[in-house]
Chemist: 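Dumping the structure here so I can ask a few things about it.
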Amino acid sequence: MYRKTILRIIVVALTILLSLSALSGCSSKQSTSRSTKTITITDFSGTEIKVKQPVQKIVSMYGLATQTLFLMGEGDKVFGSTKMAVNDAFIKLAYPDVSKKMKLVTSPNGSNVEEIAKINPDLVIAAFWNSEQVKKQLGNLKIPIITLNMETPKNYIKSIEILSKILNDEQRARSIIDYYNENMQKILKKTNTIKNKPKVMLVEYSMRSKSLKVPGKEYFQNTIINMAGGESVSNTLPGGWNIVNVEQVAKWNPDIIITVSYSLKYTSEDLKKTIMNDVAWKNIRAVKSGKVYAMPNDGESWDYPAPKWILGLYWMAKTIHPEIFGSLNVKEEAANFYKKFYNLDIDKIKIVGDLN
Amino acid sequence: MKKFLTLYILVFIGSLFTGRLLVNPLHFSTLSKTILLDVRLPRIIIASLAGAGLSLAGLAFQNLFRNYLAGPNIVGASSGAALGAVLAILFFSFNPLYIQLSSFIFGIIAVTIAYKMSKLVGNGIVGLLLAGIAVSALFTSMVGMAKYMADPYDKLPTIVFWLLGSFSGMRWRDLLFLLLPISIGIIGIVLLRWPFNILSLGDSEAKSLGLNVNIYRKVIIVLAALSVSSATAIGGIIGWIGLVSPHIARLLVGYDNRRLVPASAFVGATLLLFCDDIARSIAATELPISVITSLIGAPLLILILARRFKYVKN
């Protein structure tokens with residue numbers, strides 16, 4: 001009898017506690033206070049983080065965030081990052097000096113907390129998929145750590161907003177955000193009404209002879225294809241990259257194939273050649289009609305949620321619907337983009353892929 | 001043996017018409033014709049050869065070591081082949097031919113090392129067994145090291161996929177690579193079925209019957225290493241087939257190697273072909289073959305052992 005009552009009390013107490021914590025989670029809003037030269041920010045994990053101003057040294061465990069900091073002109077504050085960012089050929093070209101001092105602090109199997117502590121950063125940026133353990137360890141070192149999710153267009157723009165607040169650089173960020181929003185809307189306005197969407201398949205080389213990887217439903221590549229007025233054949237597959245064989249491709253029989261590569265040793269053009277020369281692919285609709293296109297890559301491929309995704313969107317729209325976007329000159333738009341945000345001449349950048 | 005052949009041919013024809021793309025046997029479109037002739041047919045032949053090769057290698061080692069738990073990896077061939085492939089993925093990742101070649105060569109190297117070392121650690125079969133285990137562990141640890149250092153975005157998933165095995169992306173050219181070494185392995189072991197019976201009596205009995213045990217042992221190891229290394233180079237690590245198929249065959253035809261050897265070859269080919277059909281057809285995503293072979297092989301082994309135990313008890 002007694003035991004039952006005690007059990008009931010515990011259950012009620014737990015429920016109250018849970019609902020209270022849920023409520024408090026809802027009420028926290030993004031607020032900035034500059035009284036003691038620290039600002040408070042709410043990140044994607046919903047936690048409020050206090051960051052001392054000014055932020056001079058950043059360690060980014062999120063390669064996409066590092067690339068975006070360079071877009072924002074704040075790349076010189078990044079002292080440690082991931083393999084993707086440290087090896088980024090575009091950053092090396094645009095900011096050769098900065099790129100050299102950037103240290104590799106996250107390995108495939110986790111982050112090197114000691115190495116990060118040695119840098120003694122004012123801020124650590126984590127990805128939403130980073131392990132909680134690393135975040136906890138860094139938290140113990142009293143290093144403020146913000147969690148970002150950049151992997152949808154909306155979240156990408158919100159991430160820029162958060163970063164600009166922390167770095168006290170909201171004016172420049174505003175112009176970047178406006179650029180992305182306006183140009184995205186320009187494309188969407190034309191593609192929203194399209195009824196007849198071609199079937200598009202985006203493939204990456206899996207390094208295993210002739211089996212290829214296609215992006216599953218969580219991946220940004222499918223979002224870009226959709227925004228550009230195409231229907232991605234792989235958008236119902238689970239999770240991230242899926243290995244498929246040519247038989248499945250034959251079943252989908254896509255109208256358009258887009259090849260991508262994240263390595264300059266085997267480019268999207270090489271992959272395109274491999275596909276075009278493989279007898280097994282010759283009767284796939286896209287191959288038969290010659291509609292296999294190589295995604296541009298300037299050191300960073302244009303198809304993932306790094307700064308160039310907006311160029312990827314132009315390119316994708318023009319590739320899928322040349323009849324609608326006939327007047328859109330992707331190369332010219334890219335030239336403006338490089339000039340505006342990186343002060344680089346497009347002629348100085350080596351871009352592989354079908355750009356023209 | 002006719003029964004085995006008939007069953008294999010049935011599965012072979014069934015495999016031709018199984019897959020993601022539905023093929024109408026009465027009316028071929030050009031697309032389905034390419035899929036049938038340039039994708040499915042080479043893959044089916046490759047999977048069959050690999051299955052037969054692995055099964056025979058497993059049987060050969062089981063005979064050699066007089067131990068039913070011996071599998072194709074017992075002297076380090078698969079571990080060596082795995083390291084070869086992983087190194088090639090790390091350093092020449094964009095040329096699939098290098099991956100296959102390096103894998104094949106490292107498989108042979110591992111077996112050679114194990115054989116040489118066996119002279120240092122003991123006499124005859126026990127020495128070889130111990131050396132094989134050590135070499136296998138050594139190569140496996142190096143694979144682990146390579147995995148740790150691999151790029152997590154593209155190379156690591158490739159290595160993991162490779163280590164679980166797959167016949168995805170097979171074309172006629174891959175068959176060309178496989179054909180010579182695996183044919184030598186398969187035909188060689190089939191020809192050795194009579195000496196196997198004598199070897200199974202034990203070293204001293206075999207010697208007293210006039211069999212040069214040392215030479216036969218060497219030949220068997222070379223043939224099995226050829227089969228395992230080439231099958232692994234093409235398909236990646238394929239678990240269980242080499243262990244389970246000889247047991248199934250033994251249950252069906254008994255212990256006489258003259259019948260057991262060809263039966264094992266057919267069982268291995270049929271079983272791997274069947275598993276590969278599942279791997280490529282069940283989902284839009286290609287499944288790794290070892291996932292399927294273990295899923296089917298492990299319960300099958302228990303079933304066989306249980307039946308044998310019941311038989312022995314009565």
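Values below: all heavy atoms of this structure, side chains included; hydrogens, waters and symmetry mates excluded. Each chain gets a letter, A, B and so on, in the order the sequences are listed, and its residues count up from 1.
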Chemist: Distance under 6.0 Å and angle within 45° of the ring axis: does A:Lys213 meet both against B:Phe161?
Modeler: no
Chemist: Under 4.5 Å from any heavy atom of chain B, what part of A:Asn87 do you find: side chain, backbone, both or neither?
Modeler: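 Neither part; nothing is under 4.5 Å.
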Chemist: Please state whether the side chain, the backbone, both or neither of A:Thr236 comes within less than 4.5 Å of a heavy atom of chain B.
Modeler: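 Neither part; nothing is under 4.5 Å.
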Chemist: Establish, for the pair A:Lys101 and A:Phe79, whether the NZ or CZ atom is under 6.0 angstrom from the six-membered ring centre and no further than 45 degrees off its axis.
Modeler: yes
Chemist: Heavy-atom pairs under 4.5 Å with chain B: which of A:Lys288, A:Lys251, A:Arg285 has the most?
Modeler: A:Lys251
Chemist: Using only heavy-atom distances, determine whether the side chains of A:Thr68 and A:Tyr62 contain a donor-acceptor pair under 3.5 Å.
Modeler: no
Chemist: Assess the side chains of B:Thr34 and A:Asn283: does a donor N or O sit below 3.5 Å from an acceptor N or O?
Modeler: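 There is such a pair between these side chains.
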Chemist: Where on B:Leu31 is there a heavy atom nearer than 4.5 Å to chain A: the side chain, the backbone, both, or neither?
Modeler: both
